Protein chains: 2
Amino acid sequence: MSVTIKDVARVANVAPSTVSRVISDSPRISERTKRKVRKVMEELGYHINYNGRVLVSQSTQTIGIVTKVSTVHSFDNPFFSELLRGISDACHEEDYSIYLTTGNTEEAIFKEVVKMVQGKRVDGVIVLYSREDDKVVPYLRDCNFPFVMVGKPVNRAGETMFVDNDNILASKEVTDYLIQLGHERIGFIGGDSHFEVARDRLEGFRQALANGHLEEDKNLQKNIQSGLADADQVVEELLQVKDPPTGLVITDDYNALTVMRALTSKGLKLPEDMSIVGFNNTMIARLSNPALTTVDTQSFQLGHESARSLIDLLNRPDMIKKSVIIPTVIVERDSCHPRKTIKQKD
Amino acid sequence: MSVTIKDVARVANVAPSTVSRVISDSPRISERTKRKVRKVMEELGYHINYNGRVLVSQSTQTIGIVTKVSTVHSFDNPFFSELLRGISDACHEEDYSIYLTTGNTEEAIFKEVVKMVQGKRVDGVIVLYSREDDKVVPYLRDCNFPFVMVGKPVNRAGETMFVDNDNILASKEVTDYLIQLGHERIGFIGGDSHFEVARDRLEGFRQALANGHLEEDKNLQKNIQSGLADADQVVEELLQVKDPPTGLVITDDYNALTVMRALTSKGLKLPEDMSIVGFNNTMIARLSNPALTTVDTQSFQLGHESARSLIDLLNRPDMIKKSVIIPTVIVERDSCHPRKTIKQKD
DNA sequence: GCGCGTTATGATATCGATCTCATATGATTG
DNA sequence: CAATCATATGAGATCGATATCATAACGCGC
């Protein structure tokens with residue numbers, strides 16, 4: 001069908017192996033022959049077929065990306081898009097390609113992973129989440145297949161390459177920020193607690209409260225899980241509490257915006273009646289009204305570093321399993337306000 | 001290294017070709033042998049190596065996705081994420097995999113495409129944009145390589161498979177919607193006019209004005225291009241016009257929200273002082289305040305259909321080059337308001 | 001002028017699967 | 001019971017590249 005190395009060899013009157021050597025620019029071939037062969041390649045419109053090369057070199061120059069269940073909340077979330085851009089960028093620099101897993105259920109994703117790993121379609125894998133009860137990561141460990149996680153591994157962190165923020169610290173800092181503003185009743189709205197990141201951020205939140213000698217009230221800790229409890233309900237509950245919060249730490253920009261909507265529809269004034277901080281600094285944080293103060297987790301960098309680390313690992317399989325922590329930055333916008341010193345009658 | 005078909009053959013005491021036939025569940029192999037071979041595969045932990053198969057079958061069961069330059073505005077935009085989800089979903093149903101091109105410049109993208117097409121890494125390609133001055137589509141045509149576009153081709157539509165909305169109609173309808181609400185001065189804020197979609201939506205907008213016997217004022221037609229003119233500037237300009245608009249058609253939810261922010265910061269009340277419609281019905285439309293009325297372009301379906309069409313084409317290469325039009329729906333929310341019958345003095 | 005080391009190239013096996021063609025075996029039939 | 005045929009399996013070529021080993025050609029020193 002298309003032009004192969006043999007066609008080139010025949011026309012150029014050399015052996016296929018010579019053509020192969022010209023392709024890899026081997027120093028063992030004379031300049032004269034190289035020129036001749038290259039001319040023929042040009043004339044015939046030759047282009048290498050990677051599949052042939054892959055078979056012998058046992059390397060695909062491709063990395064696989066595994067995301068969590070994608071039905072509603074993964075691609076949807078701009079955070080993931082940014083991650084993907086970062087990965088994509090790093091891959092391109094190193095001339096690697098990207099192979100994307102899809103799949104709507106955990107089981108489907110797992111099968112896809114097995115298929116791409118065992119089927120030798122990728123050289124390594126980036127896992128874009130960290131959660132307990134996950135089959136993918138243990139599987140990759142068992143196979144001894146090169147992989148990098150975005151997010152801190154649930155266990156055996158020492159044996160695993162990962163790229164992450166210091167989520168405990170980030171959450172602590174941003175809670176501190178609210179405390180500095182005078183808030184004493186601070187609520188926390190997290191995501192799916194199966195994920196490591198959710199637990200870390202709650203932990204940081206609690207540390208900040210403890211540090212600030214503020215009482216921890218479980219009634220102020222809520223969850224928004226995709227589909228399950230929605231913002232309206234959570235807001236409802238938070239406002240019912242006697243002595244309701246004046247500040248909220250929300251672990252995701254998207255959810256933060258949802259909550260803001262719910263609050264305004266209840267007649268609260270933002271940021272005067274409720275100070276809010278989000279996480280991730282996605283583009284939507286800039287768009288809300290008031291603009292959202294949020295923790296920039298530098299998702300692009302997170303993605304970029306994860307790909308770079310994986311490629312490093314592929315190049316030197318025996319390298320030490322380093323982990324990379326990407327610093328976070330609080331981006332101050334307009335969604336926070338010093339606590340009003342109301343309740344004069346007290 | 002890993003277990004191959006030959007290892008299985010040796011242990012099971014059959015020929016490699018027999019094992020291959022068992023894999024493809026050929027009816028020419030007895031049930032007894034199949035059971036025996038399968039048992040050995042199980043025991044040895046055999047898994048097919050796709051690269052071998054690809055080489056002989058000349059098919060990768062993989063489709064490539066080409067997006068426009070990704071630096072700022074492609075993955076960023078939830079519209080693309082939804083498209084990707086739709087593609088991903090359809091691919092998974094048909095057991096196809098996804099190969100993603102990256103690249104920060106047009107030239108880099110073009111090279112990636114050549115690489116994946118000539119290098120035989122994918123069976124077909126989905127191009128997620130339609131623009132003039134594009135090298136990718138003409139190239140794919142020249143190679144006679146199977147591809148599907150999302151968006152109407154700039155030319156030679158009859159020879160090209162594509163999936164699209166009727167953007168002219170959609171834009172006309174949504175402009176009509178504003179006209180029905182009594183608006184007579186309506187502005188249009190589009191995107192990069194290199195893209196076919198931008199031109200179509202402008203066209204529909206103009207048709208609606210003409211139909212409604214409204215005068216077309218070029219001063220009310222603006223553009224927001226990624227990075228270039230920003231919302232504040234555009235809003236500034238629009239409000240400077242004598243007899244400024246009371247309604248705006250904005251061809252993208254993201255830009256619509258940017259404009260809304262700019263308007264409120266100028267002290268306008270929404271939707272009373274300005275009615276706004278967006279496009280795409282991305283998740284951010286739901287989050288704005290007031291919630292954005294927008295044209296649902298059904299991006300998930302767009303992606304889904306494009307993948308399905310491509311896979312159809314791959315299965316029957318001589319099939320007629322059909323095109324699919326996905327209907328649009330206006331999603332009414334709270335960002336539009338009947339025109340106030342002010343200017344009593346008139 | 002013979003032996004030897006270099007250099008440039010060729011011949012061939014190989015990667016892991018599939019596919020075509022050949023063949024052994026057993027069943028069917030006149 | 002020989003001829004014929006269907007069935008189940010094996011042998012070997014093949015896909016398009018790379019890599020190893022062999023070898024031809026050449027120059028050089030003694």
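This structure is a prediction, so every number in the text was calculated from the model and none was measured. Basis for what follows: all heavy atoms, side chains included, without hydrogens, waters or symmetry-related copies. Just so it is clear: chains get the letters A, B, ... in the order the sequence lines come, proteins before strands, and each one is counted from 1.
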When you check the phosphate oxygens OP1 and OP2 of [N], does a side-chain N or O of [X] lie under 4.0 Å from one of them?
X       : N      : answer
A:Ser17 : C:dT12 : no
A:Gln58 : C:dG16 : yes
A:Ser30 : C:dT9  : yes
A:Ser20 : D:dT18 : yes
B:Thr18 : D:dG10 : yes
B:Thr33 : D:dT9  : yes

### Task
Give me the residues of residues 35-48 of chain B where at least one heavy atom lies under 4.0 Å from an atom of DNA chain C, by number, or none.
B:Tyr46, B:His47, B:Ile48
### Query
What is the distance, rounded to the nearest whole Å, between atom CZ of A:Arg28 and atom P of D:dT23?
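Going from CZ in A:Arg28 over to P in D:dT23 covers 16 Å.
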### Query
B:Asp7 CG to C:dA17 P: how many Å, rounded?
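To the nearest whole Å, that distance equals 9 Å.
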### Task
Quick one: label A:Asn13 by what it contacts on the DNA or RNA (base, sugar-phosphate, nothing), any heavy atom closer than 4.0 Å.
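Sugar-phosphate, no base atom in range.
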### Query
With a 4.0 Å cut-off on heavy atoms, is A:Asn49 in touch with a base, just the backbone sugar-phosphate, or nothing at all?
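Result for A:Asn49 = sugar-phosphate.
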### Query
Hey, are the side chains of A:Val114 and A:Tyr139 touching, using non-hydrogen atoms and a 4.5 Å cut-off?
yes
### Query
For A:Asn49 and A:Thr4, what are the C-alpha separation, side-chain angles and deciding distance, and is it a side chain to side chain contact (heavy atoms under 4.5 Å, CB included)?
CA-CA 8 Å; A:Asn49 179 325; A:Thr4 76; over 6 Å; no
Report, as yes or no, whether the 6.0 Å neighbourhood of atom [atom1] on [X] holds more than 12 heavy atoms from other residues, nucleotides or ligands.
X        : atom1 : result
B:Arg308 : CZ    : no
A:Lys39  : NZ    : no
B:Lys322 : NZ    : yes
B:Glu42  : CD    : no

